[in-house]
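Heads up, the thing below is written out as structure tokens.
Order of the sequence lines sets the chain letters (A, B, ...), proteins ahead of strands, with each chain counted from 1.
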Amino acid sequence: MTIPFIPCQGAPVTVPSLASSLSDCVSAAAARLGMADLAPQIRRSEHADFQSDGVLAAARARRRNPREIAAEVVARLSADGRVAAAQVAGPGFVNLDLTDGALLAQLTDRLTDPRLGVGTPEAGVTTVVDYSQPNIAKEMHVGHLRSTIIGDALVRVLEHLGGTVVRRNHIGDWGTQFGMLIQHQVEHPEPTAPQDAGTMRRLATLYRRARADFDADPAFADRARRRVVALQAGDPATVAAWRDIVAESTRYFTEVYDRLGVRLTDADSVGESAYNTALPGLADELERRRVAVTSDGALCVFFDDLRGPDGEPTPLIVRKSDGGFGYAATDLAALRQRVGELHADRLLYVVDARQARHFRMVFDTARRAGWLPPTVPAVHVAFGTVLGPDGRPFKTRAGDTVRLVDLLTEAVDRARDVVAAKNPELAGEALDERARQVGTGAVKYADLANNRVRDYTYDPQRMLALTGNTGVYLQYAHARVRSILARAEGVEATVDPTVGLEPAERALILDLDAFADTLAEVAAGYEPHRLCGYLYRLAQTFTTFYERCPVLRTTGTRRGNRLALCRLTGDTLRTGLHLLGIDAPEQL
RNA sequence: GCGCCCGUAGCUCAGCGGAUAGAGCAGGGGACUUCUAAUCCCAAGGCCGCAGGUUCGAAUCCUGCCGGGCGCGCCA
């Protein structure tokens, strides 16, 4: 068989993993024993290729000796030729070894499928993912970085699994702060800083000065409040000024997304202001359905188990006592629209963990109002705070939040130094591009690699050390594979299923085979760090293979098999990195 | 006060019902005429916060403590 040239016919092929095939085998054997309820629980093992742990639980339910049952299961495993050995071990594990031929066949199957055998379990499912959520006229900071990167990775994985994904960037483009911004701009028309697209300097300066005047000058604060009224009333000049500010910010956000390699565009931005006209009706409906009640002049939704320090119930405030609407109202309006008009089957909100209570209240309210059917899950995909090296929330020395662009610039600059040192012939634009790929990859990987709900310690030293468990390690492993494949040009990567495998080759195939299952886990728990862990393990397994199994210096069918291994490793690493939003250059 | 999250190697973190708890970094010892050494190999490093409970089996599930973070009416 010749590997990369077999055309794909019809629907994408799904290659069941060896683990799931074994699970079916054990289930079938158990069924023959009249134990259809036995859950095989196949997992990798140090003592064999795989182990099945399900017999122990089944034995408990029957009050029988687990080793006896395990022996019966082993005796009834159908001999499909793929299982080389099945043995009872320990208290009642079933150890399973596969033949080299079975592993090589699996390698072939994944390699001949352009999707590497990954199925499309998300087909027909529409997910709305809400992420990034920057605020107009404000800098993006590290908190936005987390939301943006995690959200982008989840979007990519869900789409890769065949799902329909609607990205929603719920931008903060409405609120009382626009009164002071516009009013300040009107009173000080001279530009405070150049309005170049690459920076937020003008708006940031405007924001700072407007805020200072607002706090220090009651007369200005009063004019700013009147400006808010004018904005809400639709005064043309004020609305035009607002639009300009929004547009200036949006250009900046788009530039940041481009630098990050995040696929968020203008079309994905639906700001809070988009729901303005829906809010009064929404409030009325909540009131009519008796979901919300008036308390101290505000329209509130209460919850039995949510109380404040004084023991009084804590409300979700849908409409403030002054008649205005806050973000609870816009979140509800957005949710209703996503289910009702976008027909979402699932809602994800990639937002800071501190908002947990807010989302509980919003989801609960929406359920009560009938806007969120029981069949549609709404999930707060929470993430922890970004901490500095001191264990406190990450701030600059001056105590300001760290600008996202500064962080990226630092990462890319340091990556450029390292790339240039290792690869002196690289220069100019090529070097800049490589530095961007490595630097942003390092930032993203460092963020995605740990469990998202934990607070996350941002440590540029570690992240940009470019060694160890980092994005660069994965990029490097990928580049080494590509290097071999490039040198092997003209040599066919053919799989000969009759050639015996060395331990490092077996380990590599077993790891490669777990890719699709890993993606399913990522999607099931919205946990990109599982993909990072998988890819890192794969890269380590590959480097062990790389050290022990010469590819190009081997000849004959063994070389073909190893080239096939390299190809599938390279494709898996590249695909996995892409799903994390990280580039996989051919060379470093 | 109540609620949510987190306590695993010196540091940063995986593992979340299965056999002897794993990585990376730091520190110790080795390996470059080599398909990219941005790498690999070896050794060392643990009352998995504490105490009970459930289970054939607990870092993992339950309860209670201790320690840390966050949240709790008109900001988002």
Side-chain angles (χ1 to χ4, degrees), chain A residues 41 43 45-47 51 53-54 56-57 59-60 65-66 89-93 95 133 135 172 174-177 272 295-300 302 305-322 324-328 330-331 351-358 360 382 384-385 387 391-393 418-419 421-423 438 446 449-451 453-457 459 461-463 465-470 472-473 475-477 479-488 529-530 532-533 536-537 539-540 543-544 546-554 562-563 566 587-588:
Chain A
Q41 297 189 50
R43 68 194 76 211
S45 170
E46 304 168 41
H47 310 284
Q51 67 185 45
D53 301 341
L56 288 153
R60 171 175 34 184
N65 181 338
F93 303 111
N95 285 352
Q133 307 119 348
N135 293 309
W174 199 250
T176 50
Q177 75 272 21
E272 295 173 332
S295 169
D296 291 343
L299 187 64
C300 300
F302 289 99
D305 54 341
L306 295 182
R307 289 173 187 280
D310 51 5
E312 294 300 306
T314 301
L316 181 74
I317 296 176
V318 176
R319 189 180 55 216
K320 298 184 283 185
S321 54
D322 67 0
F325 295 99
Y327 79 138
T330 47
D331 276 348
V351 180
D352 191 302
R354 285 174 290 198
Q355 304 285 335
R357 174 185 288 233
H358 168 71
R360 251 204 67 191
T385 306
L387 307 177
R392 301 295 309 160
V418 179
V419 169
K422 288 288 178 184
N423 195 347
V438 171
N450 35 352
N451 187 336
V453 302
R454 295 176 66 124
D455 286 348
Y456 150 62
T457 305
D459 185 343
Q461 289 289 337
R462 181 176 296 114
M463 176 184 83
L466 310 180
T467 172
N469 184 9
T470 63
V472 194
Y473 176 86
Q475 288 172 322
Y476 177 63
R480 286 169 117 187
V481 186
R482 292 294 166 211
S483 175
I484 292 176
L485 293 170
R487 285 167 184 271
H529 82 280
R530 290 184 184 275
C532 294
Y536 182 61
R537 226 173 301 122
Q540 286 186 121
T543 48
T544 301
Y546 182 92
E547 301 281 333
R548 295 190 185 159
C549 302
V551 179
L552 300 175
R553 287 172 308 189
T554 305
R562 288 184 178 170
L563 273 174
C566 287
Q587 296 162 4
L588 281 188

If the C1' atom of B/rA9 is compared with that of B/rC5, how far apart are they to the nearest Å? 24 Å

Taking only N and O in the side chain of A/R319, is any of them less than 4.0 Å away from OP1 or OP2 of B/rC74? no

Of the nucleotides B/rC74, B/rC40, B/rC35, which one has an atom closest to the side chain of A/D296? B/rC74

Report the base-pairing partner of B/rC50 (Watson-Crick or G-U wobble, both distances below 3.5 angstrom), or none. B/rG64

Grab the N/O contacts between the protein and nucleotides 11-15 of chain B below 3.5 Å, and write none if there aren't any.
unit_1: B/rU12; atom_1: O4'; unit_2: A/R462; atom_2: NH2; d: 3.3
unit_1: B/rC13; atom_1: OP1; unit_2: A/T457; atom_2: OG1; d: 3.2
unit_1: B/rA14; atom_1: OP1; unit_2: A/N451; atom_2: N; d: 2.6
unit_1: B/rA14; atom_1: OP2; unit_2: A/R454; atom_2: NH1; d: 2.9
unit_1: B/rG15; atom_1: OP1; unit_2: A/H529; atom_2: NE2; d: 2.9

Let's see if you can work this out: which of B/rG73, B/rA38, B/rG71 has an atom nearest to the side-chain heavy atoms of A/V472? B/rA38

Checking contacts here: which listed nucleotide (B/rA37, B/rU20, B/rG18) is nearest the side-chain heavy atoms of A/H47? B/rU20

Could you work out the separation of B/rA21 and B/rC48 based on their P atoms and round it to a whole Å? 10 Å

What is the distance, rounded to the nearest whole Å, between atom CG of A/D352 and atom C1' of B/rG69? 12 Å

Taking B/rG17 as the reference, what is the distance to B/rG53 when you measure between their C1' atoms (whole Å, please)? 16 Å

In whole angstroms, how far is the P atom of B/rC56 from the CG atom of A/N65? 14 Å

Side chain A/Y327 and base B/rA76 donor-acceptor under 3.5 Å: yes

Please check this pair: side chain of A/N451 against backbone of A/V453, looking for a donor-acceptor N/O pair closer than 3.5 Å. yes

5'-most contact on RNA chain B (nearest-nucleotide basis), A/P309 vs A/Y476, goes to A/P309

Does A/T543 place a side-chain N or O at less than 4.0 Å from the phosphate oxygens OP1/OP2 of B/rC40? yes

Atom C1', compared across B/rC41 and B/rC32: separation rounded to whole Å: 14 Å

Of the options B/rC35, B/rC40, B/rA38, whose atoms approach the side-chain atoms of A/T544 most closely? B/rC40

Pick out which of A/V419, A/N423, A/V438 makes a side chain to side chain contact (heavy atoms under 4.5 Å, CB included) with A/L588. A/V438

Please identify which of these residues, A/R43, A/Q41, A/E46, meets the side chain to side chain contact (heavy atoms under 4.5 Å, CB included) condition with A/Q51. A/R43

Looking at B/rA76, does its base get a donor-acceptor pair with the side chain of A/D331 below 3.5 Å? no

Would you sort out whether A/F93 and A/H47 count as a side chain to side chain contact (heavy atoms under 4.5 Å, CB included), showing the intermediate values? CA-CA 11 Å; A/F93 303 111; A/H47 310 284; over 6 Å; no

What nucleotide among B/rU36, B/rG18, B/rG69 has an atom nearest to a side-chain atom of A/R392? B/rG69

Could you work out, with side-chain contact (heavy atoms from CB on, under 4.5 Å) as the rule, every residue matching A/N450, not counting sequence neighbours? A/Y456

Between B/rG18 and B/rG57, how far apart are the C1' atoms? Round to whole Å, please. 7 Å

Distance between the P atoms of B/rA26 and B/rC11, in whole angstroms? 16 Å

Nearest 0.5 Å please: distance from the OG1 atom of A/T543 over to the CZ atom of A/R480. 6.5 Å

Identify the nucleotide, in any strand shown, that forms a Watson-Crick or G-U wobble pair with B/rG17, with both distances under 3.5 Å; if there is none, say none. none

B/rG69 to B/rG64 separation - P atoms, rounded to the nearest Å: 22 Å

Would you say a side-chain N or O of A/R487 is under 4.0 Å from OP1 or OP2 of B/rU36? yes

B/rA37 phosphate, OP1 or OP2, under 4.0 Å from A/R480 side-chain N/O: yes

Nucleotide forming a Watson-Crick or wobble pair with B/rU39, both distances under 3.5 Å: B/rA31

Please evaluate the base of B/rG73 for a donor-acceptor partner in the side chain of A/S295 within a cut-off of under 3.5 Å? yes

Rounded to whole Å, please give me the gap between CG in A/L588 and C1' in B/rU36. 9 Å

Is any side-chain N or O of A/T314 closer than 4.0 Å to OP1 or OP2 of B/rG73? no

Between A/C566 and A/V551, what is the shortest heavy-atom contact and its length? SG-CG2, 3.9 Å

With hydrogens left out and only the distance checked, is there a donor-acceptor pair under 3.5 Å joining A/E46's side chain and the base of B/rA19? no

How long is the gap from CZ on A/R357 to CG on A/L316, to the nearest 0.5 Å? 11.0 Å

Which listed nucleotide (B/rA23, B/rA76, B/rU36) is nearest to the side chain of A/N135? B/rA76

By centroid distance (under 5.5 Å) and plane angle (under 30°), are A/F93 and B/rG18 in a stacked arrangement? no

Any donor-acceptor N/O pair under 3.5 Å between B/rG57 base and A/R60 side chain: yes

Among the nucleotides B/rC35, B/rC74, B/rU39, whichever has the atom closest to the side chain of A/S483 is B/rC35

Side chain of A/Y536 only, heavy atoms from C-beta on: which candidate in B/rG24, B/rA38, B/rC35 is closest? B/rG24

Does the structure show a Watson-Crick or G-U wobble partner for B/rG3, both distances under 3.5 Å? Name it, or say none. B/rC70

Below 4.0 angstrom from OP1 or OP2 of B/rA38, is there any side-chain N or O of A/Y546? no

Among the candidates B/rC35, B/rG73, B/rG24, find the nucleotide nearest to the side-chain atoms of A/N469. B/rG24

RNA chain B: 5'-proximal contact among A/N95 and A/E312 (nearest heavy atom): A/N95

